[in-house]
Number of protein chains: 2
Amino acid sequence: MELNILEPYLWEPDKYLRNVAVDNVIFGYHDKELKVLLQKPIVLEKWTVTGGYILKTESIEDAADRIAFSRTGLKNLFFQQFRSFGNPERTVDSGFNARRINELTNAQMPDDCWIFDYFVSIGFYTLTEFSAVELKKAEIETDCAWWTVNDLPPLMFDHKLLIAEALKALRLHIAHYPIGYELLPGKFTIPEIHSLYETILGRQLDIRNFLRRLLATEIIEKLNETKSIGGHRSPFLYKFNKPKYDEGLENGVLLSF
Amino acid sequence: MELNILEPYLWEPDKYLRNVAVDNVIFGYHDKELKVLLQKPIVLEKWTVTGGYILKTESIEDAADRIAFSRTGLKNLFFQQFRSFGNPERTVDSGFNARRINELTNAQMPDDCWIFDYFVSIGFYTLTEFSAVELKKAEIETDCAWWTVNDLPPLMFDHKLLIAEALKALRLHIAHYPIGYELLPGKFTIPEIHSLYETILGRQLDIRNFLRRLLATEIIEKLNETKSIGGHRSPFLYKFNKPKYDEGLENGVLLSF
DNA sequence: TGAATAGTGTCTTTAAGACAGTATATC
DNA sequence: GATATACTGTCTTAAAGACACTATTCA
């Protein structure tokens, strides 16, 4: 049942900060679809964003990274803080309360035990290439799956809002900074990066105007190779110019589509 | 000494969330200057942003509002979350540790007491009209003063970074949303709002281009009155069109100067 | 009437947006 | 050579940026 999301915290509470956690909205892109990684206690019908508590020895960024790694097995993903969430009502529908615990475990916890206080969630989002991920269902009772952002299951806590805000932040980010290094193979085609942008923004982008502006940023370089895709003309391959890309991440690049 | 910043938390720790706090960078505008409200334990030379802990019964936004009110006496100020800060090193130079406490109070606190764990700060910034504020020096041992953002005193923790990030967020905000309702009197002149924008952005704005775009947003309305300022031509007074202003806050208004 | 600040308009340049026909790889 | 997708260029429109003179108040 749903308590598993708190288990490490319950086993070794002294290793973690109290009343504060990291929730990491892991976005996966693959084959023109934008998905989000969710987990679910098998016996419940509500899902959650991947999240966890913060070790006293790590930063909130370390925690976000560790949480992403624990589910995807990937390190050095691009991630970004977007907003924090905290109000006494945010966990009320979670079923996590003294009455429930006492029913389920024959414990005798008082209602005002600190563990039932609400916690503040620091929201991050992470970008990853979908097909590179081998989902880790660490706990046997937890289901873990990709869901398309336009068709989400019922979500626990305020996680529907959390995902909506993460997506909003991602779409704002993409208008001011380059994106794609973590989401595309080392060599990619124009149609591929074009689809990536269309998918993340959720709307069509005129390819001529898109390309004009993308090339103006100089973050991609044309290679002298083409990719055979069968049946018709082969597109040229491109790669990111990493120094320009990183400079764009630092100082901003206007790609306001 | 510097312990006072934690005092309410120490007196009644059960009323507050642990390991998480709100820091509220209170910006004050007055007479073409942008200032930030800082407080300081009198016996120390380092200052801090106004901050405090979160009651278990309130949201993080409530906490930010309460903190601003406790120092300025003003309610319903414009405030905005901008980023959270959390890493084990952020409080190391604060002098807040078991050895220090034991020296100062003849207590016998162990080094690993939870109260010395680092805490996560949820950063907000607040905007207020400088001259409306009567500073409240709640605790006799705390100094409280306005400092111009370009000339800050030595700051505790990572508060220098916190202020820099708040200012960055404010400048980003001003490019996409209207600002000024909380910072200008009900009736104000074009030179006044022009100066406000110049001050916040820290650079000059051509008044003709500025006005063209400001008027295009329709968030201000010309009144049939002028303000006598002595010695020369009197500027017309304007007021905000609150519905348009609020709609701009909601949906964004392009004022990218 | 002079000093000081308010207030206004045009031209140039740049970027955004709309739009369609040609090129080429593969079958 | 038929098909499917890659690739390219121009025109129109809107916004940004640069720039300077006239108007008004009051001392």
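All values below come from the heavy atoms of this structure, side chains included, with hydrogens, waters and symmetry mates left out. A note on names: the letters A, B, ... follow the listed sequences, proteins ahead of strands, and every chain is numbered from 1. Worth saying up front: this structure is predicted, and the values here are computed from it rather than measured.
- Taking side-chain N and O atoms only, R213(B) has a distance below 4.0 Å to OP1 or OP2 of dG17(D).
- Residues T126(A) and T72(A) form no side-chain contact, since every pair of their non-hydrogen atoms from C-beta on lies 4.5 Å or further apart.
- Side-chain atoms of R233(A) stay outside donor-acceptor range of the base of dA25(C), with no qualifying N/O pair under 3.5 Å.
- One cannot find a donor-acceptor pair under 3.5 Å joining the base of dG17(D) and the side-chain atoms of R208(B).
- Protein atom CG of N209(A) is 15 Å distant from nucleotide atom P of dC11(D), rounded to whole Å.
- The distance between atom CZ of F210(A) and atom P of dG9(D), rounded to the nearest whole Å, is 18 Å.
- A 4.5 Å side-chain heavy-atom check between F85(B) and F157(B) finds every atom pair outside the cut-off.
- Spacing between atom CZ of F236(B) and atom C1' of dA23(D) amounts to 11 Å, rounded to whole angstrom units.
- Salt bridge annotation for E247(B)-K244(B): absent, with no cationic side-chain nitrogen under 4.0 angstrom from a carboxylate oxygen.
- A straight line from CG of L205(A) to P of dA16(C) spans 13 Å, rounded to a whole angstrom.
- Distance NZ (K227(A)) to P (dC7(D)): 12 Å, rounded to an integer number of Å.
- Here K222(B) lies in heavy-atom contact (under 4.0 Å) with sugar-phosphate atoms only.
- Side-chain contact between Y125(B) and H173(B): present, with at least one pair of heavy atoms (C-beta onward) separated by less than 4.5 Å.
- Among the heavy atoms of the strands lying under 4.0 Å from S228(B) are primed sugar atoms or P, OP1, OP2 only; no base atom is included.
- Rounded to an integer number of Å, the gap from I207(A) CD1 to dA23(C) P is 18 Å.
- Side-chain atoms of I229(A) lie closest to dT5(D) of the nucleotides dT5(D), dA16(D), dC19(D).
- Inter-residue side-chain proximity for F78(A) and Y181(A) is flagged as unmet; no heavy-atom pair is nearer than 4.5 Å.
- Residue whose closest nucleotide on DNA chain D sits further toward the 5' end, between S234(B) and D206(B): D206(B).
- Toward the 5' end of DNA chain C, the nearer of the two residues L211(B) and G231(A), judged by each one's closest nucleotide, is L211(B).
- The distance from atom CG of L214(B) to atom C1' of dA16(D) is 16 Å, rounded to the nearest whole Å.
- As a whole-Å value, the separation of R212(A) CZ from dT14(C) C1' is 11 Å.
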